[in-house]
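Input: a single structure, listed below in structure tokens.
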Amino acid sequence: MTGTTAQPTSRARSWWGWGWAEAHPDDAECAAIGALLPGTLARPLPVPRVGDLGIGAPAAQAPGSLAHLVSADPADRAAHAMGKAYRDVMRALRGRPGRIPDLVARPLDDRDVADLLDWAGERRIAVVPYGGGSSVTGGVEYRGDAHRAVLSLDLTAMGRVLEVDTEGRSARIQAGTLGPSLEDQLRPHGLTLRHFPQSFEFSTLGGWLATRAGGHYATGRTHIDDFVQSLRVVTPAGTSDSWRLPASGAGPSPDRLFLGSEGALGIITEAWVRLQERPRHKASAAVAFADFHDALRAVRAIAQSDLSPANCRLLDAGEAALSDAARDGSAVLVLGFESADEPVTARLQRAVALARSHGGRYGTANGGGDTAAGASGDAAVSAWRAAFLRMPYLRDGLARMGAVAETFETAATWDRIPGLIDAVRTEVGAAALKATGHPATVNCRLTHVYPDGAAPYFTVLAAGRAGDEVALWDDLKAVAGEVLHRHRATITHHHAVGRDHRPDYDRQRPEPFALALRAAKGALDPRGILNPGVLVD
């Protein structure tokens, strides 16, 4: 069975910040949220304009055979210059976006991708793959001057569900398909990929695959890797098209080579992915804890049970207050269960019982009970969900006030988690105080949990240094990177390496693997045009 295209909407994306342009805080809201943080600017920085960037003529021109795929429009080029990290937003606000691509190409099929790569290779033009542009690690920008021109390869014109196998519950989907469009095209079949990263609205299947994105599930199937049957990848050396199989033990997996490769080895153009029936039974609850370390033990017990909650997000007291899930100093555990074929209330009750056995106070969305912080469990869960989706916009509002407002994530084994979280809070907070003279807020939540460990996700809110905000954040991020390295925690659980994490990734990976990766890069991209500077030189 085939699907139809249901891609972009008429709403305007922000070229410089997160999401929809009209959803950004106005000047008054920016000032109001900035007033909550000491050391911010007296008034918000103005919204940047493309016309103020002085974008020059492109350094390359596409041949006639490819001209219909390529744009040199300054606004189009500016919108493809960076991702959506704090440092990207701040550079745009300060009028320093870095190297702007010379051209933006939107291929319609694999043949177009191959032709564009051939042309770019012949002309020594760097090719930076681009899906939804939601990278927060410098993954979609060009840095340096080793190439005569830069082409941003936007895959979103390749946005169709090509084939659906209802018996095998799987689908062949083009890599440029944005999250909402993907689900819209699967809905008539009663199926879902059920992969919902925070960037879902503004990211693509190909981007999820290229960055090994983490999605909806807090336990079990957490990374996009778990849904992949096969990949089709166009490289300068040819096209890799792996067999669609439920499993295979035939040597190293070809798909694993390209999952997480961030466009450095080839352009993922389509994938067969595993689907599931849409859930019909859902239940959720919020459990509060006076002590964060008790909450950690409760989460570990749930992760090591056979309950497999879809959501098992632990918010520390600061994160709970920030999301309005609790304002009494409690940590809050947000639990959620879902199923397509059976009620999940009993599983939720068992998880709540485990949490209560570790000191949790029960507040539930679906069945009453004493609530934490004077709010119903339903309200706490709803508040967290709303704040989760709104937070990137508020971050941009704080950036306009000159503040540092950013996140980073990691993962480590359970024996290291308590010490890791305490060290990040202490050392990043101390570094911010020393650099700005103002105390900083360093909050933590667990986004994904496993039987053997967890993925802490940190939010840093600090006063900025006027005109020097990016350097300040880079310094704080370097302190965090040292803490992660010392505790043998990964530099990224699901945000990818990009260019921002590259130094820490080089320290984390084994050298024999780095040797093999360099060899793969040389074999598949002999002219070195694919996303230069990402993963490997």
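Basis for what follows: all heavy atoms, side chains included, without hydrogens, waters or symmetry-related copies.
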Provide the closest heavy-atom pair for [X] versus [Y] in the form atom of the first, atom of the second, distance.
X	Y	result
R94	G467	NH2-N, 3.1 Å
G132	T204	N-CG2, 3.7 Å
V344	S339	CG1-CB, 3.6 Å
H438	P38	ND1-CB, 3.8 Å
I417	A454	CD1-O, 3.7 Å
V150	V128	CG1-CG2, 4.1 Å

Start with the C-alpha gap between R502 and T137, add the side-chain angles, then the distance that decides, and say whether side chain to side chain donor-acceptor pair (under 3.5 Å) holds.
-> CA-CA 9 Å; R502 175 68 191 279; T137 60; over 6 Å; no
Using a strict 4.0 Å threshold on nitrogen-to-oxygen distance, state whether [X] and [Y] make a salt bridge.
X	Y	answer
R187	D184	yes
E406	K477	no
R486	E427	yes
R445	E319	yes
R278	E183	yes
E338	R194	yes

Check step by step if ring pair (Phe, Tyr, Trp, His ring centres under 6.0 Å) holds for H223 and Y217.
-> CA-CA 8 Å; H223 278 87; Y217 292 101; over 10 Å; no
Side chain to side chain donor-acceptor pair (under 3.5 Å) pairs touching residues 37-52, sequence neighbours excluded, are R49-D52
Can you tell me how far [atom2] of [Y] sits from [atom1] of [X], rounded to the nearest 0.5 angstrom?
X	Y	atom1	atom2	answer
Y130	L153	OH	CG	12.5 Å
S323	L315	OG	CG	5.0 Å
L314	L446	CG	CG	5.0 Å
M391	T459	CE	OG1	6.5 Å
N311	K282	CG	NZ	11.5 Å
L398	Y86	CG	OH	9.0 Å

If the condition is side-chain contact (heavy atoms from CB on, under 4.5 Å), which residues does [X] pass it with, not counting sequence neighbours?
X	result
H487	L420, A423, V483
P44	D27, C30, R400, M401
S199	W18, S134, P197, S203
P418	H293, L296

Could you work out, with ring-ring contact (aromatic ring centres under 6.0 Å, His included) as the rule, every residue matching [X], not counting sequence neighbours?
X	answer
F458	F408
H358	none
H501	none
H24	W16, Y393

Quiz question: by atom type and distance under 3.5 Å, do the side chains of [X] and [Y] form a donor-acceptor pair?
X	Y	value
H80	D154	yes
R160	S181	no
Y450	T219	no
S71	D73	no
E409	T447	no

For R221, side-chain hydrogen bond (donor to acceptor under 3.5 Å, both in side chains) partners two or more places apart |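 Here no residue qualifies.
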D468: side-chain hydrogen bond (donor to acceptor under 3.5 Å, both in side chains) partners, not counting sequence neighbours |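 D468: side-chain hydrogen bond (donor to acceptor under 3.5 Å, both in side chains) contacts with R465.
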If you count the non-hydrogen atoms of other residues, nucleotides and ligands that lie under 6.0 Å from CZ in R356, is the total more than 12?
->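 Incorrect, the count does not exceed 12.
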Side chain to side chain contact (heavy atoms under 4.5 Å, CB included) partner of I302, chosen from L335, V449, V287 =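 Result for side chain to side chain contact (heavy atoms under 4.5 Å, CB included) with I302: L335.
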Test Q276 against T192 for side chain to side chain donor-acceptor pair (under 3.5 Å), laying out the working first.
-> CA-CA 6 Å; Q276 56 191 296; T192 174; over 6 Å; no
Any side-chain heavy-atom pair of [X] and [Y] under 4.5 Å:
X	Y	result
R106	V104	yes
T410	T492	no
V273	L205	yes
W20	R13	yes
Y142	P532	yes
K84	V89	no
L461	L322	yes

Mind checking whether F227 and W208 have ring centres under 6.0 Å apart?
->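 They do not qualify: ring centres at least 6.0 Å apart.
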Between H195 and H216, does the ring centre distance come in under 6.0 Å?
-> no
Is R499 reaching over with its side chain to a backbone N or O of G138, donor-acceptor style, under 3.5 angstrom?
-> yes
Please report the C-alpha distance between D226 and R212 in whole Å, then the side-chain angles of each, then the deciding distance to 0.1 Å, and finally whether the salt bridge (charged side-chain N to carboxylate O under 4.0 Å, His left out) criterion is met.
-> CA-CA 10 Å; D226 302 315; R212 297 183 67 196; over 6 Å; no
Is the Lys NZ or Arg CZ of R425 less than 6.0 Å from the centre of F292's six-membered ring, within 45° of the axis?
->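 Geometry flag: set, cation within 6.0 Å and 45°.
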CA sep, side-chain torsions, deciding dist, call: R87, E469, salt bridge (charged side-chain N to carboxylate O under 4.0 Å, His left out) | CA-CA 8 Å; R87 67 189 322 276; E469 297 90 352; over 6 Å; no
Pairs touching residues 131-144 that satisfy salt bridge (charged side-chain N to carboxylate O under 4.0 Å, His left out), sequence neighbours left out =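 Qualifying pairs: R91-E141, E141-R143, R143-D500.
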